[in-house]
Amino acid sequence: MKRDRDEAEEEGNEERNKRKMEIVWQTPAHPAQKQDYVFHNGKRHVRPYYFEFVSHVNKRWEGKTIVDLFAQEFRGRSRDYYVSAVKCGRIQVDGENIPVSYIVKRCQKISHFLHRHEPPVMAWDVEVLQNEPDVLTVCKPASVPVHPCGQYRKNTVLGILQAEYGLAPLYPIHRLDRLVSGLLIMAKNPAKADSFRQHIEAGLVQKQYVAKVVGVFLDAEVGISNGDTTLKGKAACTKFTRISTNGIHSIVLCEPVTGRTHQIRVHLQCTGHPIANDMLYLSDDVVNRSTLGTTADRAAALSGGSPETSCESHKEEYKYCSEDFSIDPMCTHCPNLAPNGYDGHEEGLWLHCVRYTGPEWVYECPYPDWASLT
């Protein structure tokens, strides 16, 4: 009788362990869910999740062993990790387990099954400004990328809007860098997105940003083109107008005529008035370049500002809690929430998109708190 109870209990434990170890592998088709997020110390984290990364063998990879390929092309993990991952089936070719000596062939599908940890972003809301039948506009917080890229998938504007509002699919019609905040316009269908694209390509759209810069900006309209800067490539031009100043900083209206990467930041540096917390483009007389490893907030402090965009470093660090997520024995990031290499500081530039104007349409976003020099 006791033996029967022991056997039943053992079988029950095995079944529970089996259920506990079951892994659901996510792909880009899996939508973000509200319960995917963990909030800690003013930051939005994503619960680590199992994810299938897919790539295909290109000409450079062809002829390499599967372990050599990963060790040479994806150096974020050790060779020993990749050997173990192949042996236990975490790395597959065309959906099949393979030996560590396997030589890959052109166009084969390679799957790498990972316990994915995304970097955190600031925990500010993605505020919906206008919700029209074909268009959605939001105020994008600094530090949050618009769409999946690099290490970010759920910690993006598109992921958060889908998880918290059920808004999908959405088609962003303009770029807004991760560290920049403000107006983001998204179409709700491809036809509307194409209409916006045509307006932009025809030069019919005007854009306005505000920036908080170092020093007293000229009390006159200033125009800068890439002939005046180190910005290479296609033509780029930005108009600047001072809105206000307190003698230490100025709030400047920025109107990019074109839309090149970092255009406003580079052109403001050229005027001698870089964005006051922009470590990449602060000039040498404001902060020594040896401080490049610091955060935007430290740069702001060094240039006479005050930190407003990140958590203080002395706040309590995250301590693993089994209710947040389960540790994966092969994961190189566990038991941390954030991935390895994340320094614990989050940045946001004092650069904010406030207005987009096109043929018979205008969308606006409120000014941020830092734009008031009081």
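Positions are given from 1, in the same order as the sequence printed here.
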Checklist entry - If you group Ile, Leu, Val, Met, Phe, Trp and Tyr by side-chain heavy-atom gaps below 4.5 Å, do Leu373 and Val216 land in one group? => result no
Next on the checklist: Between Ile66 and Phe74, is there shared hydrophobic-cluster membership here, with clusters defined by ILVMFWY side-chain heavy atoms closer than 4.5 Å?
Outcome noted: yes
Salt bridge (Lys or Arg N to Asp or Glu O under 4.0 Å) partners for [X], two or more places apart:
X      : value
Arg355 : Glu364
Lys239 : none
Glu132 : none
Arg60  : Glu73

Item to check | Cation-pi check, Arg242 onto Phe217 ring (under 6.0 Å, within 45° of axis) | outcome: no
Next on the checklist: Does the structure place the NZ or CZ of Arg77 under 6.0 Å from the centre of the six-membered ring of Tyr81, at an angle of no more than 45° from the ring's axis?
Outcome noted: yes
With the threshold set at 4.0 Å, does a side-chain nitrogen-carboxylate oxygen contact exist between [X] and [Y]?
X      : Y      : answer
Lys154 : Glu164 : no
Asp328 : Arg90  : yes
Asp278 : Arg265 : yes

Checklist entry - Looking only at heavy atoms, what is the nearest atom pair of Val121 and Ser143, with distance? => result CG1-O, 3.3 Å
Item to check | Nearest atoms (heavy-atom pairs only) where Val210 meets Pro368 | outcome: CG2-CD, 4.2 Å
Next on the checklist: Give me each pair satisfying side-chain hydrogen bond (donor to acceptor under 3.5 Å, both in side chains) with a member in residues 183-199, each pair once, sequence neighbours excluded.
Outcome noted: Asn131-Lys188, Asp134-Asn189, Asp194-Arg197, Asp194-Gln198, Arg197-Glu201, His199-Trp361
Partners of [X] by ring-ring contact (aromatic ring centres under 6.0 Å, His included), sequence neighbours excluded?
X      : answer
Phe51  : Phe53
His115 : Tyr50, His117
Tyr49  : none
Tyr320 : Phe325

Checklist entry - When you check the side-chain N and O atoms of Glu255 and Gln208, is any donor under 3.5 Å from an acceptor? => result yes
Checklist entry - Can you list the residues that meet the side chain to side chain donor-acceptor pair (under 3.5 Å) rule with Lys140, with sequence neighbours excluded? => result none
Next on the checklist: If the condition is side chain to side chain donor-acceptor pair (under 3.5 Å), which residues does His352 pass it with, not counting sequence neighbours?
Outcome noted: Ser181
Item to check | Pair Ile264-Phe240, side chain to side chain contact (heavy atoms under 4.5 Å, CB included): steps then yes or no | outcome: CA-CA 9 Å; Ile264 295 175; Phe240 298 107; 4.2 Å; yes
Checklist entry - Should Gln151 and Arg116 be marked as a side-chain hydrogen bond (donor to acceptor under 3.5 Å, both in side chains) after you check the CA-CA gap, both sets of side-chain angles, and the distance that decides it? => result CA-CA 9 Å; Gln151 290 182 291; Arg116 185 168 182 172; over 6 Å; no
Item to check | Qualifying ring pair (Phe, Tyr, Trp, His ring centres under 6.0 Å) pairs with a residue from residues 153-185, counting only residues at least two apart or across chains | outcome: His174-Tyr356
Item to check | Candidates Asp94, Leu69, Ile98 - the one meeting side-chain contact (heavy atoms from CB on, under 4.5 Å) with Val104 | outcome: Leu69
